[in-house]
Amino acid sequence: MGTLGAQAQAQDPVARGRLLLVDDEENILKSIRRVLRRGEWDIETATDAEAGLRTLERFHPEVVISDFRMPGMNGVEFLTQVKLQEPRAQRIMLTGQADQQAIEEAINRSEIFRFISKPWNDSHLVLTVKSAFEQYALHTENDRLYRVTQEQNAELKQLNAELEERVALRTRLLSTAKREWELSFDCMETPLAVVRARDFAVRRANVAYAQVARRSIEEVPSDVPCHQYLFGRDTPCQGCPLPSAMETGKGARGEVQQGGRSYVVAAYPFAGDDRAVCTYRDVTEEQAMTRRLIETEKMAAVGQLAGGVAHEINNPLGGILAFAQLMSRDAGRSEGDLESLKLIEESALRCKRIVESLLKFSRHSRVEDRRLFDLSKCVEDAAVLFRAQLKSMPKVELKLGLKDGLPKVYGDPGTLAQVVLNLLQNGLQALPKAEGRLSLETGREGDRTFFAVTDTGTGIEERHLPRIFEPSFTTKPPGEGTGLGLSIAYRIVQDHGGTFQVDTHVGQGSRFTVFLPIPLQLERLP
């Protein structure tokens with residue numbers, strides 16, 4: 001019995017309750033604490049309403065006793081705030097004022113549990129506090145019962161829902177099967193429609209089909225011809241495979257051109273029916289990519305041919321150069337002959353250098369070709385090849401600003417020369433009417449070297465800048481570019497650990513700068 005009694009006392013909510021006292025007189029607080037000490041409650045005190053609210057947030061009392069008259073916020077206002085923050089806390093007002101209006105206000109605003117008049121009766125005070133804790137426990141129990149009731153109601157609702165689910169099971173299964181078929185139809189990325197052959201009327205279509213027509217799936221009409229719905233045509237599309245498919249009873253394909261785009265249309269007839277399934281595939285970009293790849297292959301073949309021709313030319317050039325040098329050493333040559341032989345030698349040397357640059361450029365890049373090399377020399381070799389193209393463009397000026405003594409960089413000079421030539425070619429095509437200036441320079445910035453190509457051309461519009469390095473993206477007319485040059489250049493620079501920087505102004509020109517890292521053992525050189 002002693003153990004059970006101790007457990008009951010430990011579980012008694014009155015013995016464990018939290019009590020907050022608020023009064024601006026310390027003597028009253030001490031007196032109340034002394035009286036309530038026998039109740040073994042946890043008691044916190046505050047000397048004004050503001051301090052009481054701070055204690056309330058931390059202490060979370062179950063019972064709050066507040067004086068009516070306090071400086072600043074009075075007891076009614078304070079207990080109203082208590083009600084807002086701790087709705088279940090029981091509120092007791094301590095007052096020595098026989099103010100009926102204030103009492104009514106307190107009851108209406110803060111719902112006071114009890115009033116205790118000053119001076120108080122100790123026994124009455126203890127009983128009132130005990131009643132407040134009991135009331136709090138009762139509200140807590142009511143809340144618990146309410147939650148139990150709500151849970152039971154939820155369980156009943158769940159049981160009802162399950163019963164309704166069982167009743168509607170067969171209908172739902174049918175609806176699910178229908179919806180699955182529709183979703184499967186709509187999830188296909190290929191535009192697809194069921195078309196009636198005799199009048200080309202669309203009987204059913206998926207979402208991708210509606211997107212080709214730039215409409216929502218809800219706008220797909222019934223019995224409207226497909227050529228009118230998709231392309232706004234009054235007559236069937238030329239190349240439509242539907243008539244052929246219906247005639248043979250087998251699938252047929254055709255290509256339809258509309259609005260500058262190409263579609264491969266396939267028709268598959270239903271057996272013994274006047275309808276067919278038609279699919280549409282936009283092959284415009286695919287055909288454009290194929291054409292660009294063909295052009296790229298042609299350029300690669302031309303590059304290989306140029307390399308072979310350059311190698312063959314190198315031998316007779318060596319002979320011309322040797323004979324010119326030997327003839328200039330013969331005694332008795334006139335000044336005119338020596339001057340002519342000097343010109344022959346200089347021309348042969350210039351041709352030899354062009355051929356050597358062409359051979360370097362046309363050679364396939366290999367890992368073993370990577371080495372330390374002079375960036376300015378690599379850029380100059382590319383400029384030598386490019387100058388030959390400028391012979392027919394007298395109004396285009398190429399200005400070189402190559403810095404000597406740069407730290408060597410590591411990589412393949414042949415592929416980087418390809419980047420230089422590509423940037424020069426792009427700059428040349430950006431010059432309006434083949435007139436303007438191209439600048440090619442090298443230099444150092446911190447632990448990086450760089451080469452830059454600047455043109456005085458048309459510049460690049462801001463909306464195109466994010467896409468200039470994308471494969472196959474080009475703003476040039478057909479036949480003037482494949483859209484692969486900058487993307488290949490970007491990949492080469494990235495492969496060398498470098499970065500691109502593009503500065504452009506529409507109508508003023510562009511500057512492409514390629515930064516390459518200096519190897520660690522060389523980066524501290526001047």
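More than 12 heavy-atom neighbours from other residues, nucleotides or ligands sit within 6.0 angstrom of CG on N153. Counted within 6.0 Å of CD on E462, heavy atoms from surrounding residues, nucleotides or ligands total 12 or fewer; the atom is thus considered open.
The closest side-chain heavy-atom distance from F270 to V194 is below 4.5 Å. Residues V409 and P517 have side chains not in contact (no heavy-atom distance under 4.5 Å, counting atoms from C-beta outward). Using a 4.5 Å heavy-atom cutoff, the side chains of Y280 and V212 are not in contact. Using a 4.5 Å heavy-atom threshold, the side chains of L20 and I65 count as separate. When side chains are defined from C-beta on, I460 does not count as touching V506, because their heavy atoms never get closer than 4.5 Å. Side-chain contact check for L516 versus F450: every heavy-atom pair is 4.5 Å or farther apart. Counting heavy atoms from C-beta on, the side chains of L94 and I32 come closer than 4.5 Å. Within the 4.5 Å cutoff, side-chain heavy atoms of F500 are placed close to those of V493.
For the residue pair T442 and S376, a side-chain donor N or O sits within less than 3.5 Å of a side-chain acceptor on the partner.
One finds a salt bridge joining D282 and R261 here, because a Lys/Arg side-chain nitrogen approaches an Asp/Glu carboxylate oxygen to under 4.0 Å. Ion pairing of R34 with D122 is absent here, as no side-chain N (NZ or NE/NH1/NH2) approaches a carboxylate O to less than 4.0 Å. Between D143 and R88 a salt bridge is recorded (basic side-chain N to carboxylate O distance below 4.0 Å). A salt bridge links R511 with E441: the distance from a Lys NZ or Arg NE/NH1/NH2 to an Asp or Glu carboxylate oxygen falls below 4.0 Å.
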Under 3.5 Å, sequence neighbours excluded: what are the donor-acceptor pairs made by side chains of residues 44-61?
residue	atom	partner	partner atom	Å
D48	OD1	E50	N	3.2
D48	OD1	A51	N	2.7
T55	OG1	A51	O	3.0
H60	ND1	E86	OE2	2.7
H60	NE2	E57	O	3.1

Can F200 and H227 be said to form a side chain to side chain contact (heavy atoms under 4.5 Å, CB included), step by step? CA-CA 8 Å; F200 297 89; H227 48 81; 4.1 Å; yes

Might you work through the side chain to side chain contact (heavy atoms under 4.5 Å, CB included) test for L423 and V419, ending with a clear yes or no? CA-CA 6 Å; L423 295 179; V419 175; 4.2 Å; yes

List the steps and the verdict of side chain to side chain contact (heavy atoms under 4.5 Å, CB included) for Y263 and F231. CA-CA 12 Å; Y263 297 89; F231 306 128; 3.9 Å; yes

Do S510 and T504 pass the side chain to side chain donor-acceptor pair (under 3.5 Å) test, and can you show the C-alpha distance, the side-chain angles, and the key distance before you say yes or no? CA-CA 4 Å; S510 304; T504 183; 2.8 Å; yes

Apply the test side chain to side chain contact (heavy atoms under 4.5 Å, CB included) to residues N121 and L125: give CA-CA distance (whole Å), side-chain angles for both, the deciding distance (0.1 Å), then the verdict. CA-CA 6 Å; N121 180 281; L125 176 61; over 6 Å; no

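Of the possible donor and acceptor atoms, none in the side chain of H124 sits under 3.5 Å from a partner among the backbone N and O of W120. Remark: side-chain polar atoms of N206 are paired, donor with acceptor, to backbone N or O of T190 under 3.5 angstrom.
The shortest non-hydrogen separation linking G72 to E77 is O-OE1, 4.5 Å. S66 and L79 make their closest contact through CB-CD2, 3.8 Å (heavy atoms, listed as atom of the first residue, atom of the second, distance). In terms of heavy-atom proximity, L424 sits nearest to L438 at O-CD1, 4.1 Å. Taking each heavy atom of V256 and C237 in turn, the nearest pair found is CG1-CB, 3.6 Å. In terms of heavy atoms, Y268 sits closest to T279 at CE1-OG1, 4.3 Å. Nearest approach of P413 to R371, heavy atoms of both residues: CG-NH2, 3.3 Å.
Residue T513 holds its OG1 atom at 8.5 Å from CD of E445, rounded to the nearest 0.5 Å. Taking CG of D42 as the start and CD of E62 as the end, the distance is 9.0 Å to the nearest 0.5 Å. If you take CG on D67 and CD1 on I92, they are separated by 13.5 Å, rounding to the nearest 0.5 Å. The CD atom of Q425 lies 8.0 Å from the CG atom of N422; values are rounded to the nearest 0.5 Å. Note that OH of Y136 is 6.0 Å distant from CZ of R18, once rounded to the nearest 0.5 Å. From E134, atom CD reaches atom CG of L127 across 9.5 Å, with rounding to the nearest 0.5 Å.
For the pair R448 and F515, the cation sits on the ring face: its NZ or CZ lies under 6.0 Å from the ring centre, inside 45° of the axis.
Side-chain rings of Y209 and Y229 approach one another, their centers coming within less than 6.0 Å. F512 and F451 have their aromatic ring centers separated by at least 6.0 angstrom.
Q501 pairs by the side-chain hydrogen bond (donor to acceptor under 3.5 Å, both in side chains) definition with D503, not counting sequence neighbours.
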